[in-house]
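Excluded from the calculations below are hydrogen atoms, water molecules and symmetry mates; all remaining heavy atoms, backbone and side chain alike, are included. The first residue in the sequence is number 1, and the count goes up from there.
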Amino acid sequence: MERSGASEATGSDASGPDPQLAVTMGFTGFGKKARTFDLEAMFEQTRRTAVERSRKTLEAREKEEEMSREKELRQNEDIEPTSSRSNVVRDCSKSSSRDTSSSESEESSDSSGDELIGPPLPPKMVGKPVNFMDEDILGTLPPPLNEEEEAEEEEEEEEEEENPVHKIPDSHEITLKHGTKTVSALGLDPSGARLVTGGYDYDVKFWDFAGMDASFKAFRSLQPCECHQIKSLQYSNTGDMILVVSGSSQAKVIDRDGFEVMECIKGDQYIVDMANTKGHTAMLHTGSWHPKIKGEFMTCSNDATVRTWEVENPKKQKSVFKPRTMQGKKVIPTTCTYSRDGNLIAAACQNGSIQIWDRNLTVHPKFHYKQAHDSGTDTSCVTFSYDGNVLASRGGDDSLKLWDIRQFNKPLFSASGLPTMFPMTDCCFSPDDKLIVTGTSVQRGCGSGKLVFFERRTFQRVYEIDITDASVVRCLWHPKLNQIMVGTGNGLAKVYYDPNKSQRGAKLCVVKTQRKAKQAETLTQDYIITPHALPMFREPRQRSTRKQLEKDRLDPLKSHKPEPPVAGPGRGGRVGTHGGTLSSYIVKNIALDKTDDSNPREAILRHAKAAEDNPYWVSPAYSKTQPKTMFAQVESDDEEAKNEPEWKKRKI
């Protein structure tokens, strides 16, 4: 093959490169002789070099070993026996090295292509598999820890895992100023990017954690239900819609920016059977989105019904659930919620009962416990745990109870001494389902509202947080952010977080510095661009808006600065304040004294004689048409006596 390649190369040299072909192919140097490589010769040369290097290294090692052994022999007292042993060892080492070198040379001569290049393995490693975890290569491992230290570390880790109090994110907090009245509704979207708050002042405010700075201001405020208190706000499971429940009978759905999507229809209040009406006929209490089905939500009202709706059909409800007492009478539901899988609907009623329906069966409740809380009190919240087996209820009788859905005949645990004065006081589960959180109410000036944590397994009161000097109405523990949102009775919304345990949320806006307030841009005059004007008529180009604002602020004409009062004598057509001259005194005091203590009738009759003598305004106009005044003559008593008839005088 090499000869044929060489002959082809020589033939191409004889003929010479074709310049036309090189131009066609697009590169130069076409047709030159290519280099040839003899691979067998290269491998042979490499093998010889490797064998020579390995032989030299072996000889150097043997010399070093001999030198070390001779030093040991000189120091040893028994020279003869040790010398004989060393000779034997030396001969053995030489023979072993020769054997290895001869075997390597034979193997290289038999198969030169499969041979490893480099020095051979030392005698100890020959015939043994290479173990990279051998102590001779990596050295000894560090000594293990004491058993006591290991046990202590394991116990500490177990305590941290078992104690859920360490997972409460309460090291830092921020305060959002909603208003001056009670924050009665809180809602956080599934991603945790936006918070929405509603209160007794009819306002709904939107807070964007990513867009806020350290000033903590809402980016939008609106009144979706006009003059009705906001009772419940909740984002849908997709985060694109918000359910707004107010004191009216019609719930609303708005989008993320506050624009109305739909409004539920109002029912006919003169129909006895509430199932035959198209909507609620009385005040609403609360509402909830379906956790799985998009566009479905539920509301409960004072008309003793719980209704499910669809966003696409606002003109009529989807289904109606009618809570009843054990005697079959109507009872008003005060709160309602879906289970985590959306198959169950739970409602708490004013008679103290908790009723749970199958979502597809509206006739009879699946579970009915008639004395869950005291009758006549408003149960403010029912919520399911994340595993779906436990239900927590916050009663108006200042209690918090835990129920097992699988055995709904008595409460698992009950805690009392939790005062509440609001019909929407919340309770919620922690993201790991190990804690239950609720708030307490206080009278104004009588202490501070608290956020109380109960352990689900034992229902012990394990932790408390003093929120503010007002009641704690709403609480929300977001599972993704691991942050706790609290709504209070004095118009504040607080967010508790931990920099190490929490994610995003309040951490995004805390690090942003507060923006400086910009000056009013109305101070600047309009800048007219005239490119073809003469240089003497061109206006100077505005380089910086901030600098121009500062200049215009100092200019009294552009800033419309009011004229100060004149001090001293008047100037510029303006009268001085002190009245230094007679004219200024007359101008200041003319027509100022308008007080007239005289009788108004006398003031009018004062001009009567002048008007009669010189009629100028009114009398000439009616001189021809006005009749002459004729007054009746009044006779005196003497004249009346003279004119009496004779027969009257005789009788007297």
Side-chain angles (χ1 to χ4, degrees), residues 173-236 239-248 251-260 284-289 380-381 422-428 437-439 441 449 451 465 467-468 470-478 480-481 483-497 504-506 508-510:
E173 65 172 295
I174 64 171
T175 302
L176 308 177
K177 181 70 174 177
H178 174 84
T180 57
K181 296 186 179 180
T182 302
V183 177
S184 56
L186 283 178
L188 197 61
D189 68 340
S191 63
R194 285 189 178 182
L195 174 69
V196 59
T197 59
Y200 280 5
D201 54 358
Y202 323 133
D203 288 339
V204 173
K205 293 191 176 182
F206 293 79
W207 314 79
D208 190 358
F209 289 118
M212 278 194 304
D213 55 8
S215 62
F216 305 131
K217 292 182 180 179
F219 73 91
R220 183 161 293 136
S221 177
L222 51 95
Q223 292 184 356
C225 300
E226 296 178 353
C227 297
H228 294 284
Q229 295 177 353
I230 307 300
K231 294 193 171 184
S232 176
L233 293 170
Q234 188 179 4
Y235 274 90
S236 61
D240 57 345
M241 291 180 291
I242 305 171
L243 175 62
V244 182
V245 177
S246 64
S248 68
K252 285 188 178 182
V253 177
I254 59 177
D255 60 6
R256 288 177 61 88
D257 298 323
F259 298 102
E260 184 177 324
L284 298 175
H285 286 289
T286 187
S288 178
W289 286 99
S380 57
C381 180
F422 292 89
M424 65 281 296
T425 302
D426 256 341
C427 65
C428 63
V437 191
T438 188
S441 301
L451 200 65
I465 301 176
I467 304 298
T468 182
S471 302
V472 176
V473 182
R474 288 286 188 178
C475 60
L476 180 65
W477 196 334
H478 197 270
K480 287 187 178 180
L481 301 184
Q483 298 179 12
I484 302 174
M485 285 70 182
V486 180
T488 64
N490 56 355
L492 302 179
K494 292 198 171 187
V495 182
Y496 289 86
Y497 68 98
R504 301 188 305 276
L508 299 176
C509 56
V510 170

Where at least one partner belongs to residues 218-231, residue pairs that pass side-chain hydrogen bond (donor to acceptor under 3.5 Å, both in side chains), sequence neighbours excluded: Asp203-Gln223
Of all the heavy-atom pairs spanning [X] and [Y], show the shortest one and how long it is.
{"X": "Trp207", "Y": "Ala218", "value": "CZ3-N, 3.3 Å"}
{"X": "Leu451", "Y": "Ile484", "value": "CD2-CG2, 3.8 Å"}
{"X": "His478", "Y": "Lys480", "value": "ND1-N, 3.2 Å"}
{"X": "Gln483", "Y": "Met485", "value": "O-SD, 3.8 Å"}
{"X": "Ala493", "Y": "Thr197", "value": "CB-CG2, 4.1 Å"}

Could you tell me the separation between the [atom1] atom of [X] and the [atom2] atom of [Y], rounded to the nearest 0.5 Å?
{"X": "Glu260", "Y": "Leu222", "atom1": "CD", "atom2": "CG", "answer": "11.0 Å"}
{"X": "Ser246", "Y": "Lys252", "atom1": "OG", "atom2": "NZ", "answer": "7.5 Å"}
{"X": "Thr180", "Y": "Leu492", "atom1": "OG1", "atom2": "CG", "answer": "10.0 Å"}
{"X": "Ile242", "Y": "Trp289", "atom1": "CD1", "atom2": "CH2", "answer": "9.5 Å"}
{"X": "Cys381", "Y": "Asp426", "atom1": "SG", "atom2": "CG", "answer": "4.5 Å"}
{"X": "Phe206", "Y": "Arg256", "atom1": "CZ", "atom2": "CZ", "answer": "9.5 Å"}

Within-4.5 Å side-chain heavy-atom neighbours: Val486 and Tyr496: yes
Heavy-atom side-chain proximity of Ile254 to Phe259 below 4.5 angstrom: no
Could you list the residues that satisfy side chain to side chain contact (heavy atoms under 4.5 Å, CB included) with [X], not counting sequence neighbours?
{"X": "Thr182", "value": "Tyr200, Phe422, Val473"}
{"X": "Leu508", "value": "Ala210, Arg504"}
{"X": "Cys509", "value": "Ile174, Phe209, Met212, Phe216"}
{"X": "Ser191", "value": "Asp189, Ala193"}

Intermediate values then yes/no, side chain to side chain contact (heavy atoms under 4.5 Å, CB included), Thr438 and Val472: CA-CA 8 Å; Thr438 188; Val472 176; over 6 Å; no
Side chain to side chain donor-acceptor pair (under 3.5 Å) against [X], all qualifying residues, sequence neighbours excluded:
{"X": "Ser471", "answer": "none"}
{"X": "Thr468", "answer": "Asn490"}
{"X": "Lys494", "answer": "Glu173"}
{"X": "Asp240", "answer": "Ser236, Thr238"}

Step-by-step side chain to side chain contact (heavy atoms under 4.5 Å, CB included) determination, His178 to Lys205: CA-CA 7 Å; His178 174 84; Lys205 293 191 176 182; 3.8 Å; yes
Side-chain (Ser380) to main-chain (Thr425) donor-acceptor, under 3.5 angstrom: yes
Backbone N/O of Val183 and side chain of Arg474: donor-acceptor pair under 3.5 Å: no
Test side chain to side chain contact (heavy atoms under 4.5 Å, CB included) applied to Val244 and Leu233, step by step: CA-CA 5 Å; Val244 182; Leu233 293 170; 3.7 Å; yes
Basic-acidic side-chain contact under 4.0 Å: Asp257, Arg194: yes
Flag if over 12 foreign heavy atoms under 6.0 Å of NZ, Lys177: yes
